[in-house]
Structure formats: C-alpha cells, structure tokens
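Keep in mind that the numbers below use all heavy atoms, side chains included, and drop hydrogens, waters and symmetry copies. Numbers here simply count residues along the sequence, with the first being 1. Keep in mind it's a predicted model, so treat the numbers as computed, not measured.
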Amino acid sequence: MTTPQNHSFTTQIVHADRLGGAEHGAIHKPIHTSVQYGYEKVEDLIAVFQGTAKGGFNYARQGTPTTAALEAKITQMERGHGSIVFSTGMAGICALFLTLLKAGDHLVASQFVFGNTNSVFGTLADLGIEVTTVDVTDAANVAAALRPNTRMVFVETIANPGTQIPDLEGIGALCQQRGVLYVVDNTVASPYLFRAATVGAGLVVNSLTKSIGGQGDALGGAITDTGLYDWSGYPNIFAAYRKGDAKGWGLQQLRKKGLRDMGGTLSSHAAHQLALGAETLSLRMDRTSATALALAQWLEAHPAVSRVLYPMLPSHPQHAFARKHLKAGSWLLSFELRNPDQCLAVCNRLQLPIKATGLADTRTLIIPVAHTIFWEAGPAVRATMGIADSMIRLSVGLEEVEDLLADFEQALAGA
C-alpha cells in the first residue's frame with residue numbers, strides 16, 4: 001500500500017514508511033545494518049545480481065532496505081520514475097557525470113553553479129569531456145552552445161550563492177527538441193518548492209544534506225529519474241544494461257557504476273536521519289522562505305547594503321521566472337555591502353547567524369563568499385558568476401524573524 005497521490009505533499013511523506021510496509025507495524029523504516037543479504041536458493045541471488053528480480057538486495061554498497069525506503073520517499077516527492085541515494089550530493093553529481101559521459105562528449109552547464117561542481121568541471125576536462133559554461137538565464141545561450149556531441153545540459157534551479165534562476169522552461173523545451181538529457185540540480189528549491197519534471201528535466205539532483213534533511217546532521221545526495229527522458233536513444237548506456245524497459249537504463253547504470261564500482265554509498269544510519277528530516281520539509285521551507293523574504297526586504301532598504309539577491313524581490317533579475325515556477329523563494333539569500341572593507345566586521349558583529357559553511361540548517365548560517373567557498377575559484381571565475389568581494393551569503397534558519405532583524409540592525413550600525 002502506498003500513500004494516495006491525492007493527499008498533500010506532507011501527508012504523503014509522513015505516512016510513506018508506514019504505508020510502504022515497515023516491519024512489525026513500525027511507523028518508520030528501521031535501520032538495516034546488514035552488509036550481506038542471503039537467500040534460500042542461489043537462483044534468487046542470481047536474479048538479484050542479474051537484475052531480473054523485482055527488488056532484492058545482495059551487498060549494501062548498492063543499497064539496503066533503509067536506503068531503498070528513502071529512495072522511494074524522494075521519488076514520491078519528485079513524482080518520478082525512481083531514485084538513487086548517495087553518500088553526499090557531490091558523490092551523486094560525480095556519479096552523474098562520470099557514469100553517463102565519456103571522453104569526446106560535450107556538456108553544457110550553467111556558469112552559476114556550486115563551487116565544488118565548478119571544480120568537477122575541471123576534472124571532466126582533464127578526462128577528455130568538453131565543458132561549456134554559459135549564462136543559463138537565457139535559453140538562447142544554451143542553444144548557441146549545443147554541438148552534435150552534446151549529451152547533457154546541467155543547471156541549478158536557484159544558483160548558490162548568486163540566486164540566479166535559469167530559463168528552466170525554455171531550456172527544457174530546447175533539450176526535448178534536440179534529444180539532449182536535461183539535468184536540474186534542485187537542491188536549494190527542493191521538490192516542495194519546485195518539481196523539475198514540470199519543465200522537462202530527465203534527471204533531478206538533490207543534496208539531501210540541505211533542504212530535504214534540513215538538520216545539519218547527515219550528509220547525503222540523490223538522483224531522481226523523472227521518466228521523461230528516452231534512454232533508448234542515449235549512446236552511452238553499456239550493452240549489459242540495455243535490457244528490459246528502457247526507462248530503467250539510466251538509473252541502472254548510475255547504481256552499478258556510481259555505487260557498486262565507485263562506492264559512493266549512503267549508510268543506513270544517515271538514510272534514516274535524512275528520512276526523518278524529510279518529513280518536515282514543507283514546514284521548514286515555508287518558514288525559512290517567509291523569514292528570508294522579510295530579511296531580504298529589510299536589507300534592501302538599509303543604507304549600508306548595495307544589493308540584495310533573493311528571487312522573490314521584484315529587483316531580482318529573474319523575479320518573473322521565480323514567480324512563475326517557485327512556490328516560495330527558499331532559505332538562500334546573498335547581499336553586498338557598499339563598503340567592502342566592512343564585510344568581515346559585519347559578519348563578526350552578528351550574534352545569531354553561525355559563521356560556518358553549509359546550507360539549510362535549522363540555524364541561520366553566514367559566510368563571506370569570496371574569502372571562503374569561492375576563494376579557490378579566483379577573481380576571474382568569481383566575476384563571471386557575479387560574486388563581489390563584499391558578498392555575504394545567508395542560509396536562513398528557524399529563528400524568529402524579529403530576533404534576526406534586531407541582530408542585523410546592530411551589526412550593520414556604522415557599516
């Protein structure tokens with residue numbers, strides 16, 4: 001029995017384990033710590049190895065009943081065809097690129113991406129995979145970058161830290177027309193605020209550490225197949241995986257290569273933590289989005305602040321895209337000071353935001369971007385990504401908005 005699809009987002013998620021068949025009437029899927037899984041008949045084990053059995057486990061590197069329950073929950077959130085979870089979001093992204101692309105292929109990607117993802121692009125180039133980064137806020141830039149050997153287009157729903165939003169719908173239509181795999185990293189927005197399938201994405205990436213887990217206590221990542229991409233026409237699927245329904249070929253290759261071969265496996269303990277966090281996703285996203293908008297509006301009116309980047313502000317360059325596609329603006333906002341020399345001092349004067357990297361915790365986190373997470377990228381790359389020396393990134397938590405506003409008022413006094 002599964003949760004009825006006519007129930008609301010949160011109702012479906014909080015009842016998913018119970019209705020999915022948790023053992024002994026439990027309302028949460030238990031933590032399965034076993035590495036090996038045995039069978040009465042060797043033929044049953046062979047069927048699991050050869051992929052002819054429906055379900056079944058053999059070795060925990062490829063998944064456990066606990067990770068499978070989390071995968072089902074994420075698939076339900078995205079209303080997809082299936083999902084695979086990984087030890088971290090970056091493990092999932094690396095598996096995505098390294099198992100579905102090969103030397104001689106071409107990737108078109110957003111120039112506004114997470115710093116570590118940008119670093120991976122350099123690794124891909126070293127392996128003979130060409131990468132072209134473009135301003136994805138205009139689908140025409142993506143169209144101009146496509147080549148005969150382009151296999152994939154990769155964007156982030158809301159870019160970190162500049163909050164740029166791609167022309168999600170336009171790029172989706174373009175990829176469908178050209179038969180190119182469209183991948184959307186939906187980490188910041190989450191499947192609650194935005195479902196990438198609505199714009200034609202074939203695969204959706206989520207760093208479970210962030211919005212879905214939401215507690216800052218477990219690392220994890222996920223890739224969901226929406227069922228919209230026709231894998232029968234994708235040239236990089238290994239011959240061994242070209243059997244049965246083509247809808248499963250992409251995930252089969254990702255699981256075999258990304259988990260079995262590369263070992264980016266999520267532990268059952270972390271999967272359990274992330275599954276619990278997922279139950280409050282909508283509540284946290286509603287609360288943090290409302291607080292972030294109030295804080296963004298207040299900052300935009302402050303004389304010490306030169307620019308605020310938040311999708312739900314009318315001043316945001318892609319505000320129209322945000323209003324069309326997003327239920328709310330999320331917890332991520334960035335702002336710049338008129339006096340760059342005050343950047344570190346303002347951060348230090350703040351008492352509530354924790355000076356730490358990371359995103360989507362229950363506590364507000366703050367970090368000066370150019371000095372830390374994008375320091376390695378260098379000034380030239382930061383310039384193309386719209387990252388000023390005075391940019392400060394906030395991941396807004398669950399604190400009362402009045403307390404945060406009072407803290408920012410004292411910290412910005414005299415800045």
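- Between Arg284 and Glu279, no side-chain nitrogen of the basic residue sits less than 4.0 Å from a carboxylate oxygen of the acidic one, so the salt-bridge criterion is not met.
- In terms of heavy atoms, Ile165 sits closest to Ala322 at CD1-CB, 3.6 Å.
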Exercise for the section: Could you walk me through whether Thr288 and Thr291 pass the side-chain hydrogen bond (donor to acceptor under 3.5 Å, both in side chains) test, one step at a time? Expected result: CA-CA 5 Å; Thr288 56; Thr291 302; over 6 Å; no
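- When the side chain to side chain contact (heavy atoms under 4.5 Å, CB included) test is applied to Thr64, the partners found at least two apart in sequence or on another chain are Tyr37, Ala60, Thr66, Thr67, Ser268.
- Not one N or O on the side chain of His81 forms a donor-acceptor pair closer than 3.5 Å with the backbone of Thr226.
- Side-chain contact between Asn58 and Phe49 is present, with heavy atoms from C-beta onward closer than 4.5 Å.
- In this structure, Lys247 is not positioned above the aromatic face of Tyr229 in the sense of NZ or CZ being under 6.0 Å from the six-membered ring centre and within 45° of the axis.
- Side-chain contact between Pro368 and Leu344 is present, with heavy atoms from C-beta onward closer than 4.5 Å.
- With a 4.5 Å cut-off on side-chain heavy atoms, Val369 and Glu336 do not count as touching.
- Glu399 and Thr364 form a side-chain donor-acceptor contact under 3.5 Å, judged by distance and modelled atom types alone.
- Side chain of Thr209 to main chain of Gly220: a donor-acceptor pair is present (N/O by atom type, distance under 3.5 Å, no hydrogens or angles).
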Handout entry: Audit row: Leu313, His319, side-chain contact (heavy atoms from CB on, under 4.5 Å) steps and yes/no
Key = CA-CA 7 Å; Leu313 290 178; His319 178 65; 5.6 Å; no
Practice task
Please test Leu259 against Leu254 for side-chain contact (heavy atoms from CB on, under 4.5 Å), starting from the C-alpha separation and ending with a verdict.
Solution key: CA-CA 7 Å; Leu259 296 184; Leu254 279 163; over 6 Å; no
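- Taken to the nearest 0.5 Å, the OG atom of Ser110 stands 8.0 Å off from the CD1 atom of Ile171.
- Among all heavy-atom pairs drawn from Ser330 and Ser289, the shortest one is N-OG, 3.0 Å.
- With hydrogens and angles disregarded, no donor-acceptor distance shorter than 3.5 Å links the side chain of Asp185 to the backbone of Val155.
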Exercise for the section: Please report the C-alpha distance between Thr265 and Ser87 in whole Å, then the side-chain angles of each, then the deciding distance to 0.1 Å, and finally whether the side-chain hydrogen bond (donor to acceptor under 3.5 Å, both in side chains) criterion is met. Expected result: CA-CA 5 Å; Thr265 308; Ser87 55; over 6 Å; no
Exercise for the section: Could you give me the CA-CA distance, side-chain angles and deciding distance for Lys327 and Asp286, then say whether salt bridge (Lys or Arg N to Asp or Glu O under 4.0 Å) is met? Expected result: CA-CA 9 Å; Lys327 187 176 295 186; Asp286 283 340; over 6 Å; no
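- To the nearest 0.5 Å, the span separating CZ on Phe154 from OH on Tyr182 amounts to 11.0 Å.
- Atoms CZ and CG, from Phe112 and Asn160 in turn, are 13.0 Å apart once rounded to the nearest 0.5 Å.
- To the nearest 0.5 Å, the span separating CG on Leu168 from CD1 on Ile158 amounts to 9.5 Å.
- Of the N and O atoms on the side chains of Asn206 and Glu78, at least one donor lies less than 3.5 Å from an acceptor on the other residue.
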Problem - Worked check of side-chain contact (heavy atoms from CB on, under 4.5 Å) between Arg195 and Arg79 - result: CA-CA 8 Å; Arg195 281 198 313 108; Arg79 298 183 196 171; 3.6 Å; yes
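- Remark: side-chain polar atoms of Ser334 are paired, donor with acceptor, to backbone N or O of Pro161 under 3.5 angstrom.
- Scanning all heavy atoms of the two residues, the minimum distance from Lys355 to Leu350 falls at NZ-O, 3.3 Å.
- Side-chain contact check for Leu295 versus Leu405: some heavy-atom pair is nearer than 4.5 Å.
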Handout entry: Test log, rule side-chain contact (heavy atoms from CB on, under 4.5 Å), inputs Val183 and Val205
Key = CA-CA 7 Å; Val183 182; Val205 176; 4.0 Å; yes
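- A donor-acceptor pair is defined here as one N or O able to donate and one able to accept, closer than 3.5 Å; no such pair exists between the side chain of Asn186 and the backbone of Ala189.
- Annotation: side chain of Asn141 is not in contact with side chain of Val136 (no heavy-atom distance under 4.5 Å).
- Interatomic distance, NE2 of His316 versus CZ of Arg323, reported as 13.5 Å (0.5 Å rounding).
- Taking 4.5 Å as the limit, every side-chain heavy atom of Leu332 sits out of range of all side-chain heavy atoms of Leu309.
- Put simply, the side chain of Gln62 never gets that close to the backbone of Arg260: no donor and acceptor are under 3.5 Å apart.
- Ion pairing of Glu300 with Arg307 is absent here, as no side-chain N (NZ or NE/NH1/NH2) approaches a carboxylate O to less than 4.0 Å.
- Closest heavy-atom contact between Gln342 and Ala415: CG-O, 3.6 Å.
- Separation of atoms NZ (Lys210) and CH2 (Trp331) is listed at 7.5 Å; rounding is to 0.5 Å.
- The list of side-chain hydrogen bond (donor to acceptor under 3.5 Å, both in side chains) pairs with a residue in residues 92-107, not counting sequence neighbours, reads Asp105-Arg151, Asp105-Asn236, His106-Thr132, His106-Thr150.
- Side-chain atoms of Thr187 and Ser207 form no donor-acceptor pair, as typed in the model, at a separation below 3.5 Å.
- Residues Leu365 and Leu359 form no side-chain contact, since every pair of their non-hydrogen atoms from C-beta on lies 4.5 Å or further apart.
- In His269, the NE2 atom is not crowded: 12 or fewer heavy atoms of neighbouring residues, nucleotides or ligands sit closer than 6.0 Å.
- Looking only at side-chain heavy atoms (C-beta outward), Leu181 and Leu203 come within less than 4.5 Å of each other.
- Around the CD atom of Gln215, the shell of radius 6.0 Å holds more than 12 heavy atoms that belong to other residues, nucleotides or ligands.
- A cation-pi arrangement, defined by a distance under 6.0 Å to the six-membered ring centre and an angle within 45 degrees of its axis, is absent between Lys256 and Tyr241.
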Handout entry: Chi angles and distances behind the side-chain hydrogen bond (donor to acceptor under 3.5 Å, both in side chains) call for Gln111, Asp135
Key = CA-CA 6 Å; Gln111 70 187 42; Asp135 181 347; 5.0 Å; no
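- Side-chain atoms of Tyr234 do not come within 3.5 Å of backbone N or O of Trp249 as any donor-acceptor pair.
- Heavy atoms only, all atoms of each residue included: Met77 and Phe9 are closest at CG-CZ, 3.8 Å.
- Between the side chain of Thr163 and the main chain of Pro311, no donor-acceptor pair closer than 3.5 Å is present.
- Glu130 and Asn149 share a side-chain donor-acceptor pair at under 3.5 Å.
- Of all the heavy atoms in Leu299 and Val305, the pair that sits closest is O-CB, 3.4 Å.
- Panel note: side chain Thr75, backbone Glu71; a donor-acceptor pair is recorded below 3.5 Å.
- The closest donor-acceptor contact from the side chain of Asp407 to the backbone of Leu352 lies under 3.5 Å.
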